[in-house]
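Some notes on the structure that comes next.
These numbers come from a predicted model, not from an experiment. In what follows, every chain begins at residue 1, and chains take the letters A, B, ... in the order their sequences are listed.
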Amino acid sequence: MSAAALTSRLRREWIKHAPSMSRYLTTTTDEFFDVAIVGGGAAGSCLANLLRKNLPDLRVALLEARENPPSQPPAERVPNPRSYALSPQSLKILGESVHSTLDDRLGYYDSMQVWQANSPSTLTFTSRDLDADPEKSTYLGACCEDQALVATLWEEIQAAEVTECLTDTRLKSVKCGDSTMLASAQTEDGSIIRASVLVGADGGNSWVRKAAGISRIGGEYEQHALTFTVSLTDPIMRRAFQRYLVDGGPLALLPTYSPKHAVVVWSTSPETLSEWKGACDEDLVHHLNSCLREGPQRVPSFMEDNMNQSWSAGGIFSNIAYGAERVLDAVHYGLAMASQHPNPTFLVPPTISGIASPKFTFPLSCFQATTYVKGRIALVADAAHTVHPMAGQGLNLGLADVRALVDSLEKAHSSGMDLSSFLHEYNSNRHRSVSVSLGGIHALQRLFRNQDTLLTHAKTFGLNVVQNVGPLRRQLAVAAAHGIAI
Amino acid sequence: GCGGGLLSESLARLGATVTAVDPSIQLVQQAKTHAQLDPKTTSIDYRGGYTVEQLAQEHQNHQLSSSFEGYDVICLLEVVEHVTDVHSVLSSVRSLLKPNTGRLFVSTMNRTVKSNLLAIVGAEYIMGYLPPGTHDWNQFRSPAEIQQLMDEAGLEQVNVNGMVLTKPPLCGQWDWKLDPSDVDVNWIGTYKVKLEDRPQQS
């Protein structure tokens with residue numbers, strides 16, 4: 001046995017008896033793994049955990065740049081606004097043991113109510129849209145803190161002691177590999193990690209994606225998001241709310257594990273955000289309540305909107321416009337009244353009583369990598385695609401990627417084939433699916449940003465159709481839950 | 001007939017101890033290089049420029065001094081249609097196969113009109129999956145013919161299955177299925193040492 005291998009073996013034995021220590025590569029080594037995962041966030045650690053459970057004989061390394069593995073947030077504190085909206089399908093992918101550990105830290109919701117500024121329509125998704133059987137569909141989604149999720153996954157991984165968890169590890173170069181050469185990554189201290197498959201799970205600004213030379217299409221939105229936790233006067237009762245405001249950006253209120261706390265996610269222009277980020281809590285609370293507690297409105301008259309136009313001053317045209325608006329009103333209300341929806345009435349969200357956490361802002365973008373696979377490198381989750389948070393799809397899509405990647409690895413492994421044999425299938429499945437989801441969410445973003453009156457009528461009509469055509473609404477709910485294309 | 005080592009590597013990863021033999025030196029050299037990529041495949045015993053007859057001879061020479069009982073599995077996949085003396089190959093294989101529990105897998109193509117159209121005209125000339133001339137249709141064998149050759153070599157048939165494509169190649173992914181009733185083109189048979197022909201143990 002070479003000196004390097006012996007040192008590495010001795011170090012591993014030592015670490016086994018000191019599990020609270022993270023592992024440092026102090027001497028340069030050249031190690032082989034079946035799968036090396038770069039990025040120990042939600043998607044990367046979920047992938048490592050699934051591989052540990054489903055393909056236990058594979059040697060897996062999880063590389064993380066942070067110095068220490070994430071720790072569980074202390075109990076009895078205000079929920080952290082840095083959270084995900086997880087679908088039931090995502091919780092299934094995470095696994096039963098993770099779900100049950102997280103259970104009392106999840107903000108479950110049974111319904112999501114969506115409405116707009118200046119429009120009479122309301123759209124409510126319920127858990128019944130996912131499955132008509134009340135036994136099976138116990139919730140629509142659950143809001144989960146990032147810290148709690150990642151800490152739980154790391155706990156499971158480290159407790160099993162089979163995955164190489166390499167913290168405080170940063171890479172300086174990467175090679176994609178091919179059928180005759182393994183993928184490899186060199187760390188900042190010179191050690192080399194070779195793998196049959198190297199996974200980039202390192203987030204929207206993925207270093208792996210850039211180093212592999214994979215480009216992406218899309219762009220940054222003019223909007224940024226502001227998120228913080230608020231305290232409520234009354235419990236939120238397992239309901240989520242989202243209103244598209246006059247400036248187009250949605251303002252969402254999501255339940256947490258604490259019934260009288262909720263997370264606000266507000267997407268709007270950076271100017272508006274910095275204005276409100278600096279404002280005093282009282283003013284902000286007042287503004288939020290006035291936005292959220294205002295119900296559906298009449299669509300403003302086209303005439304009022306266009307008073308400056310000389311041809312709208314009067315005469316036949318204004319009569320036609322007036323008539324058209326009345327017809328549209330009748331259509332909107334008629335559809336709403338004929339509804340077969342189980343919860344047709346608009347529910348007023350609970351009143352916000354105060355700001356309970358620091359405020360965080362983050363830029364919003366919609367990007368799709370041109371390919372998810374190059375050589376022996378595979379990208380998952382935000383490294384592969386980023387999306388506007390309005391549909392709560394970010395991590396759901398990411399975990400669906402993880403599940404699809406594990407499937408392709410299992411397929412190869414079960415026949416003893418090279419693990420990278422079916423990466424092209426992972427790519428074609430997920431790239432196509434995600435493109436459709438991204439397209440849909442981006443289209444919605446563009447649609448709701450525009451406050452043109454005619455478009456508002458169209459949106460109202462559209463929202464009503466989705467609300468009242470059960471099969472369509474259910475299909476959308478299921479597609480969102482599964483992170484797949486319709 | 002290990003060729004580039006695709007099957008050898010898969011079997012090694014699934015836990016087998018593999019000896020891989022092929023008359024081509026160049027192909028086996030490539031196989032050896034590739035096998036170094038994965039720790040699970042580095043221990044494959046590759047023999048390039050070597051025939052199965054030579055392997056049988058080698059074991060015969062060591063018979064009295066080793067505890068070698070025979071191989072549990074011998075694979076002759078897509079080999080018999082390229083070999084001139086099938087009988088010699090089968091005799092050697094019989095002497096290398098473990099009696100009772102050892103199994104021989106032979107796959108080849110049947111000599112039918114359908115196999116000519118699909119495997120030669122279709123695969124070689126139309127779709128270009130293989131270079132023209134890869135296969136000589138006259139060397140394709142039916143299960144019955146192979147069974148006859150097996151019998152002469154002291155082996156008996158366990159079962160035979162056709163390997164059938166369930167989706168046409170033109171639109172999307174290939175999907176192979178084992179079907180005992182359709183041996184018109186590709187087929188694979190399982191064989192074992194004939195009971196009454198057990199080699200003498202000394």
Side-chain angles (χ1 to χ4, degrees), chain A residues 1-2 4-5 8-9 29-36 51 55-61 164 175-185 192-198 375-377 404 407-430 432, chain B residues 2-20 24 26-46 48 71-75 77-78 103 105 107 129 161 163 165-167 169-178 186 188:
Chain A
M1 188 183 292
S2 73
S8 145
R9 169 81 80 86
T29 54
D30 186 331
E31 285 194 79
F32 167 83
F33 294 95
D34 292 299
V35 181
L51 290 175
L55 299 168
D57 61 323
L58 289 189
R59 285 197 61 202
V60 177
E164 284 294 328
K175 290 209 181 94
C176 297
D178 55 34
S179 58
T180 60
M181 196 173 78
L182 294 173
S184 65
I192 298 194
I193 292 162
R194 290 182 212 281
S196 293
V197 172
L198 188 103
R376 290 173 179 272
I377 291 187
D407 285 345
S408 88
L409 294 172
E410 279 179 333
K411 189 170 171 179
H413 180 262
S414 64
S415 308
M417 292 168 77
D418 185 315
L419 286 175
S420 63
S421 303
F422 296 105
L423 286 183
H424 62 280
E425 275 185 20
Y426 161 73
N427 186 41
S428 50
N429 287 344
R430 289 308 296 160
R432 190 176 47 227
Chain B
C2 66
L6 203 63
L7 178 67
S8 311
E9 288 197 2
S10 285
L11 290 174
R13 285 196 194 98
L14 290 171
T17 309
V18 179
T19 305
S24 160
Q26 200 182 7
L27 272 176
V28 172
Q29 192 49 52
Q30 280 178 8
K32 274 188 197 160
T33 314
H34 192 271
Q36 298 309 308
L37 292 183
D38 187 340
K40 296 192 205 103
T41 55
T42 48
S43 56
I44 298 173
D45 183 7
Y46 277 116
Y71 289 97
D72 294 293
V73 172
I74 298 183
C75 294
L77 304 185
E78 314 298 314
R103 290 292 178 266
F105 296 99
S107 80
Y129 291 137
N161 281 295
M163 292 191 287
L165 274 172
T166 53
K167 248 189 213 161
L170 284 170
C171 31
Q173 287 167 349
W174 296 68
D175 200 3
W176 292 94
K177 223 173 60 176
L178 284 177
N186 295 80
I188 184 165

Is there any residue in residues 8-17 of chain B with a non-hydrogen atom under 4.5 Å from a non-hydrogen atom of chain A, and which ones are they? B/Glu9, B/Ser10, B/Arg13, B/Leu14
Taking atom types as modelled, find out whether B/Gln36 and B/Thr42 have a side-chain donor-acceptor pair closer than 3.5 angstrom. no
Heavy-atom closest pair, residues [X] and [Y]:
| X | Y | value |
| --- | --- | --- |
| A/Arg59 | A/Phe33 | NH2-CE2, 3.4 Å |
| A/Ser184 | A/Arg194 | CB-CG, 4.0 Å |
| B/Ser107 | B/Leu77 | OG-CA, 3.4 Å |
| B/Tyr46 | B/Ala35 | CE1-CB, 3.9 Å |

Contacts of A/Asp57 that satisfy salt bridge (charged side-chain N to carboxylate O under 4.0 Å, His left out) - sequence neighbours left out: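 With sequence neighbours excluded, A/Asp57 shows a salt bridge (charged side-chain N to carboxylate O under 4.0 Å, His left out) to no residue whatsoever.
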Measure distances from A/Asp34 to the heavy atoms of chain B and classify the residue's part below 4.5 Å as side chain, backbone, both or neither.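 Looking at A/Asp34, just its side chain touches chain B.
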